[in-house]
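Okay, so here's the structure we're looking at.
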Amino acid sequence: MRIAVEGCMHGDLDNVYATLLHLQEVQNIKIDLLLCCGDFQAVRNEKDLESLNVPPKFRSMNSFWKYYSGEKVAPFPTIFIGGNHEASNYLWELYYGGWAAPQIYFLGFAGVIKFGNIRIGGLSGIYKSHHYNMGHYEKLPYSEQDIRSIYHVREYDVHKLLQIEEPIDIFLSHDWPVGITAGGDLKALLRQKPFFEQEIQEGTLGSKPAAELLGKLRPPYWFSAHLHCKFAALVQHEKDGHSTKFLALDKCLPGRNFLQVIEIESGPGPHELQLDEEWLAITRKYNAVLPLTIRNANYNNVHLSIEQCRQFVRNKLQTRGSKPFEFVQTAPCYKPSQPVADGVFHGFYKNPQTEALLQFLELEYLLNKMPESRKPAASPASLFSGCSIDYYGEDIPIDDIDDTEDFKEVDPEYAQEGLILSSDLVAGID
């Protein structure tokens, strides 16, 4: 099976797909799947831009809406996770995962899916310590602070991923696991990104939860993005001698290393997306304590055993089958000739895919459940007396704004300069 991996998409689906189609033609190969490591920007219409954490002057429809509307169809099955520049209102509809457009599957805030016999896990968002032990308290319409916190990784979602016992083949995270730089060419990285040095020395470059997941899950492959550079590393796991090949990739721009194609041994097919039994069992077990205020989950209120949940899910899948639920449009699609009026809040859309999944698992729909008032009982900032949270300067400087100014149509042959073709992910390291 040939799998293409892309770094930060930033809504530029047209150029990424064009590059891969060009590659198939000139190399006479078939690509079976595309994975994207975040900042996908699944923007359906102009209202979705209001939930996108980028300065207003850089908010652009880009090309996802064409695939959402059906004007275009993705030429490859595509799986993506969320980053820190997303249409967070849409991704929240698909919190548990689902089709964001035909052929384009969102893995959820945390999730596991199967493609053929390849098991793919992922964690959306980026790590910020001041929000990690909170619940998903943000409610539509998002405030300026909400759109800068909703994509922060929460302990509840990581806790669910840490319950996985069966092997994961590939894992995706947007930011890097903290400490990953020890397994690669650090000098070359610092020549490219010298301002990383202090954070690497302080042990703050990257995600602590991602590092915990890396140590627990020990997948053969781990892909990330976020820092807009290519970096490869090899992690040797002491427990069983297994190793993880790590690769971070850039964003889709001319001359950047934004794509990797790897070959993985797999069964004969069919290569289709399938719901994962173990992950559905974990979801069933923990859904009742999904935290929707600033308070984290109370795991003492979890009463189902994983064995009970596993048998329940197995019986359900045997009856229904394991295909994900069908894509349904939930919001108006962008029409260049008919801009949406400013200031109109369209409310929260209940996504039929999410409803169907929860009905399948016989679980309550909780996502838009609110306290008596729209705001949480205490504001997040009130938890930190004597200090302030910097929502506006929270991200490592990764030249997003400068790159946005350089965006232009990428000729596929030119874009191929940013493509890495290898069956050996970290050649020269292992």
Side-chain angles (χ1 to χ4, degrees), residues 10-11 38-60 81-96 100 106 108-110 123-158 174-175 207 209 226 290-297 330-331 340 342-351 354 365-384 387-396 400:
H10 287 283
D39 284 357
F40 192 81
Q41 296 185 11
V43 177
R44 302 165 293 182
N45 54 48
E46 290 169 305
K47 296 304 298 179
D48 284 353
L49 290 173
E50 296 176 8
S51 296
L52 187 68
N53 178 24
V54 298
K57 68 178 180 178
F58 295 117
R59 289 175 180 169
S60 172
I81 57 168
N84 57 309
H85 299 301
E86 302 291 359
S88 297
N89 60 323
Y90 186 27
L91 297 193
W92 181 249
E93 287 181 30
L94 296 169
Y95 169 81
Y96 301 93
F106 174 49
F109 277 53
L123 176 66
S124 292
I126 61 171
Y127 171 69
K128 293 294 170 182
S129 59
H130 50 266
H131 283 129
Y132 183 60
N133 289 304
M134 294 183 183
H136 293 285
Y137 65 86
E138 298 86 354
K139 301 291 185 293
L140 285 163
Y142 297 138
S143 68
E144 285 297 309
Q145 290 186 347
D146 287 344
I147 67 169
R148 290 169 172 82
S149 65
I150 187 168
Y151 52 77
H152 288 166
V153 169
R154 308 300 159 97
E155 186 274 341
Y156 170 79
D157 301 303
V158 174
H174 187 57
D175 47 358
S207 167
H226 189 44
L290 171 63
L292 296 172
T293 68
I294 59 173
R295 297 184 184 279
N296 197 4
T330 54
V340 178
D342 291 337
V344 178
F345 173 57
H346 290 294
F348 178 89
Y349 295 105
K350 266 193 173 183
N351 197 296
T354 301
Y365 188 104
L366 302 172
L367 294 183
N368 60 341
K369 214 172 190 179
M370 298 186 186
E372 290 183 6
S373 66
R374 194 200 76 84
K375 288 293 183 183
S379 68
S382 70
L383 300 183
F384 302 93
C387 67
S388 62
I389 301 173
D390 182 6
Y391 288 92
Y392 292 85
E394 63 167 13
D395 296 328
I396 296 170
D400 277 5

Return the minimal non-hydrogen interatomic distance between [X] and [Y], and the atom names on each side.
{"X": "Leu52", "Y": "Ile147", "value": "O-CD1, 4.3 Å"}
{"X": "Thr354", "Y": "Leu94", "value": "OG1-CA, 3.9 Å"}
{"X": "Asp39", "Y": "His85", "value": "OD1-N, 2.9 Å"}
{"X": "Tyr142", "Y": "Ser88", "value": "OH-O, 3.8 Å"}
{"X": "Val43", "Y": "Ala87", "value": "CG2-CB, 4.1 Å"}
{"X": "Gly125", "Y": "Asp175", "value": "O-OD1, 3.7 Å"}

What distance do [X] atom [atom1] and [Y] atom [atom2] have between them, rounded to the nearest 0.5 Å?
{"X": "Ser51", "Y": "Leu140", "atom1": "OG", "atom2": "CG", "value": "6.0 Å"}
{"X": "Thr293", "Y": "Asn296", "atom1": "OG1", "atom2": "CG", "value": "9.0 Å"}
{"X": "Ser207", "Y": "Lys128", "atom1": "OG", "atom2": "NZ", "value": "10.0 Å"}
{"X": "Gln41", "Y": "Glu86", "atom1": "CD", "atom2": "CD", "value": "6.5 Å"}
{"X": "Asn133", "Y": "Glu155", "atom1": "CG", "atom2": "CD", "value": "6.0 Å"}
{"X": "Thr330", "Y": "Asn89", "atom1": "OG1", "atom2": "CG", "value": "9.0 Å"}

Chi angles and distances behind the side chain to side chain contact (heavy atoms under 4.5 Å, CB included) call for Phe109, Trp92
CA-CA 8 Å; Phe109 277 53; Trp92 181 249; 3.6 Å; yes

Consider side chain to side chain contact (heavy atoms under 4.5 Å, CB included). Of His131, His136, Glu138, which one does Met134 pass it with?
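Exactly one candidate clears the test, His131.
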
Is there a donor in the side chain of Asp157 and an acceptor in the side chain of Tyr95, or the other way round, less than 3.5 Å apart?
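Yes.
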
Indicate yes or no: at least one non-hydrogen side-chain atom of Tyr137 is less than 4.5 angstrom from one of Arg154.
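Tyr137 vs Arg154: side chains touch.
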
Is the Tyr132 ring parallel, tilted or perpendicular to the Tyr127 ring (thresholds 30°, 60°)?
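Taking Tyr127 first and then Tyr132, their aromatic rings stand perpendicular (interplane angle over 60°).
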
Quick one: does any side-chain atom of Arg148 pair with a main-chain N or O of Asn53 as donor and acceptor, under 3.5 Å?
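Flag not set: sc Arg148 to bb Asn53 has no pair under 3.5 Å.
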
Is there a side chain to side chain contact (heavy atoms under 4.5 Å, CB included) between Leu290 and Leu367 once you walk through the steps?
CA-CA 9 Å; Leu290 171 63; Leu367 294 183; 3.9 Å; yes

Walk me through it: do Phe40 and Ile81 pass the test side chain to side chain contact (heavy atoms under 4.5 Å, CB included)?
CA-CA 7 Å; Phe40 192 81; Ile81 57 168; over 6 Å; no

Tell me whether Arg44 forms a cation-pi arrangement with Tyr90, defined as NZ or CZ under 6.0 Å from the six-membered ring centre and within 45 degrees of its axis.
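Here Arg44 passes the 6.0 Å and 45° test against Tyr90.
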
